Amino acid sequence: MTVQSNQPLLQPLQKGALDLKNRLVMAPMTRSRAANEAHAATPLVAEYYAQRASAGLIITEGAPVSSQAIGYINVPGIYTDAQVAGWKLVTEAVHAKGGKIYAQLWHVGRMSHPDFHNGELPVAPSAINPHDKAFTPQGFQDTVTPRALTVEEIKGIVQDFKKAAANAVKAGFDGVEIHASNGYLFHQFFSTCSNQRTDEYGGSAENRARFLFEVLDAVKEEIDLSRVGVRLNPSMHQQFGIVVDEETAPTFEYIVQRLNDYTLAYLHLTEASKKVADLPFAIKEIARHFRPLYNGTLIINGGFTQETGNKVIEEGNADLVAYGVPFIANPDLVERFAQNAPLNQPDPNTFYSNTGEKGYTDYPTLAEVNVA
C-alpha cells in the first residue's frame with residue numbers, strides 16, 4: 001500500500017502548549033467499561049486508550065466531576081483517589097506509547113435520573129424536563145423534571161471542576177477539556193429553552209455563559225489554560241431537550257469571541273446536523289462560521305471522513321479533526337489513513353455495553369489483518 005504522509009491530517013502541529021505528531025484527534029466517547037464500585041478506570045481501559053496512542057491527541061470519555069454529575073452507567077469519574085489511581089494507569093500506558101491525552105471533565109446536569117442519586121432529583125439551571133432518556137442500571141428510563149440549582153450550589157459545582165482539574169494533573173494527564181457541549185450542564189445554562197433563571201445566571205447571553213467562565217477562572221488555578229480545551233456544539237437541535245432558537249447563534253458567538261481572552265489549548269466544535277438544515281437562524285457550517293471569530297487552535301468534529309478531514313484543514317477552517325466511531329473500530333486509524341487502507345467496521349451493539357474487551361480492545365490492527 002502507498003504511504004501518503006503529505007496529507008494535511010498527518011502533519012504535526014506545534015502551537016502554544018500543543019506539540020502533536022499529527023492532526024487526528026480521538027474524540028471523547030462514553031464506553032461504559034468502568035464496571036466497578038469505585039467507578040474507576042481499569043487496566044482494560046488503559047489498554048483501550050494505549051492502543052490508540054498514535055492519534056495526535058486523545059480526549060477521554062467524559063469523566064464526571066462528582067457523584068452528582070453522573071448520568072450514565074459504568075463511567076469512570078475523576079473525583080476520588082481511587083479514580084485518580086485508575087486514570088494514572090491510563091496516562092502511563094498512553095505516554096509509554098508516545099501519545100498525548102486530555103481528560104474530559106463532565107457534568108450531565110438534568111440528563112440524569114434519580115436512580116443515580118439515591119432517589120434525589122438531578123440538577124439543572126431550571127426545573128425543565130428534557131423529555132429524553134437516561135441510561136441507568138435498569139436500562140433506558142424517561143428523564144424527570146430536575147431541581148433548579150441555587151446560586152450557592154452553582155458555586156460548589158465550579159469548585160468540583162477545579163478539584164477535577166487538580167485530580168487530572170495528579171493522574172498525569174497532559175491537559176483537560178471542559179465538556180460544555182451536547183446538551184449537558186453548561187449547554188443547559190447557555191440555552192434559553194433550558195435556562196429560565198432571573199438571577200445572574202439567566203437572561204442575557206453574558207449571564208447564561210457566566211458559569212463556563214467561572215469554571216475556567218477556577219480551573220486555571222490548578223492547570224495552565226494553555227493545557228485546557230473547551231468543547232461546544234452551537235447548532236445542536238432536538239437532542240437532550242435542546243432546541244436552537246433566535247438566541248442560539250448570538251450566544252455562541254459571544255462565548256467564542258470571549259474565549260479569545262483565554263489562552264486555551266484549543267476550542268473543540270461540532271458540525272451541525274441535518275436537523276437544522278431548514279432553520280433560518282441556525283448556523284449550518286460551524287467551522288467556517290467560527291474560524292474567523294476564534295484566534296486560537298480549532299478542533300472540528302462530526303462525521304468527517306479521511307477526505308473531508310484533510311479538506312477542512314487544507315481550506316484553513318480547522319487545525320485538527322476529531323474522529324469518534326472510526327477510532328472505536330480502528331485503533332490504528334492514523335496508520336490506515338497514511339496507507340489509504342480500508343477501515344474495520346464498528347459493532348454498535350458494543351459501544352456502550354459492559355461487554356469487556358468485546359468491541360473494545362479486540363478490533364484488529366492493519367498489521368494483524370495482513371498477517372491473518
Side-chain angles (χ1 to χ4, degrees), residues 9-10 20 22-35 41-63 71-76 86-87 89-91 93-94 97 99-104 106 135 140 177 179 181-182 184 229 231 233 239 268 270-271 273 299-310 320-370 372:
L9 282 167
L10 301 182
L20 310 181
N22 59 64
R23 297 174 184 239
L24 277 82
V25 176
M26 179 176 165
M29 294 172 288
T30 300
R31 300 305 311 275
S32 298
R33 292 311 200 276
T42 65
L44 181 67
V45 175
E47 179 185 355
Y48 166 74
Y49 283 112
Q51 286 178 340
R52 290 151 180 82
S54 59
L57 176 65
I58 292 172
I59 307 170
T60 72
E61 59 211 284
Y72 293 76
I73 62 168
N74 301 331
V75 290
W87 281 120
L89 297 175
V90 175
T91 61
V94 169
K97 292 283 192 71
K100 301 284 180 67
I101 184 166
Y102 275 36
Q104 190 187 62
W106 193 26
F135 188 19
F140 284 101
E177 176 178 283
H179 193 358
S181 180
N182 293 9
Y184 299 119
R231 189 178 188 193
N233 191 343
Q239 291 175 276
H268 183 179
T270 301
E271 279 294 350
S273 71
I299 302 176
I300 191 66
N301 81 1
F304 282 87
T305 64
Q306 179 181 354
E307 180 183 3
T308 58
N310 278 312
L320 301 154
V321 182
Y323 291 87
V325 172
F327 262 117
I328 288 180
N330 299 276
D332 58 342
L333 184 66
V334 176
E335 291 81 357
R336 288 173 185 264
F337 277 12
Q339 298 186 41
N340 290 314
L343 303 183
N344 294 325
Q345 293 305 303
D347 177 7
N349 294 323
T350 61
F351 282 1
Y352 312 111
S353 56
N354 183 30
T355 53
E357 67 179 20
K358 180 175 172 55
Y360 192 57
T361 57
D362 63 349
Y363 285 106
T365 64
L366 194 58
E368 290 167 342
V369 170
N370 290 338

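Small disclaimer: the values here were computed from a predicted structure and weren't measured.
Nearest heavy-atom pair across A93 and A46 is CB-O, 3.9 Å. Annotation for S32 and F135: closest pair OG-CE2, 4.3 Å, computed over non-hydrogen atoms. Closest non-hydrogen pair, S54 versus V334, comes out as O-CG2, 3.4 Å.
Counting heavy atoms from C-beta outward, T42 and R33 have side chains that stay 4.5 Å or more apart. Taking the side chain as every heavy atom from C-beta outward, I328 and R31 approach each other to under 4.5 Å. Here the side chains of V321 and L9 are in contact, with some heavy-atom distance below 4.5 Å.
Rounded to the nearest 0.5 angstrom, L24 CG and N310 CG are separated by 8.5 Å. I101 CD1 to M26 CE: the interatomic distance, rounded to the nearest 0.5 Å, is 8.0 Å. Separation of atoms OH (Y72) and CH2 (W106) is listed at 5.5 Å; rounding is to 0.5 Å. Rounding to the nearest 0.5 Å gives a distance of 9.0 Å between NE2 of H179 and CG of N233. Between atom CG of residue N22 and atom CG of residue L10 there is a gap of 6.5 Å, rounded to the nearest 0.5 Å. With rounding to the nearest 0.5 angstrom, the CD atom of E271 is 9.5 Å from the OG1 atom of T308.
Among residues two or more places apart in sequence or in another chain, the ring-ring contact (aromatic ring centres under 6.0 Å, His included) test is passed with Y363 by none. Remark: F304 engages no residue in a ring-ring contact (aromatic ring centres under 6.0 Å, His included) (not counting sequence neighbours). Checked against salt bridge (Lys or Arg N to Asp or Glu O under 4.0 Å), R52 has no partners two or more places apart in sequence or in another chain.
Annotation: salt bridge (charged side-chain N to carboxylate O under 4.0 Å, His left out) contacts involving residues 321-342, sequence neighbours excluded, comprise D332-R336.
Side-chain atoms of Q51 come within 3.5 Å of backbone N or O of T361 as a donor-acceptor pair. Checked by atom type and distance alone, the side chain of N330 never pairs as donor or acceptor with a backbone atom of F327 at under 3.5 Å.
Heavy-atom neighbours of Y352 OH from other residues, nucleotides or ligands within 6.0 Å: at or below the threshold of 12.
Y360 and Y48 have parallel rings, their planes meeting at less than 30° on a 0 to 90° scale where 60° marks the start of perpendicular.
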Using residues 341-348 as the side-chain source, report each donor-acceptor pair under 3.5 Å to any protein atom, sequence neighbours left out, with the distance given to one decimal.
unit_1, atom_1, unit_2, atom_2, d
N344, ND2, A329, O, 2.9
N344, ND2, P364, O, 2.8
D347, OD1, N349, N, 3.1

In a table with atom names and distances, give each donor-acceptor pair under 3.5 Å that connects a side chain of residues 56-63 to protein atoms at least two apart or in another chain.
unit_1, atom_1, unit_2, atom_2, d
T60, OG1, Q104, N, 3.0
E61, OE2, Y49, OH, 2.6

Checklist entry - Does the side chain to side chain contact (heavy atoms under 4.5 Å, CB included) test come out yes or no for H268 and L320, once each step is laid out? => result CA-CA 9 Å; H268 183 179; L320 301 154; over 6 Å; no
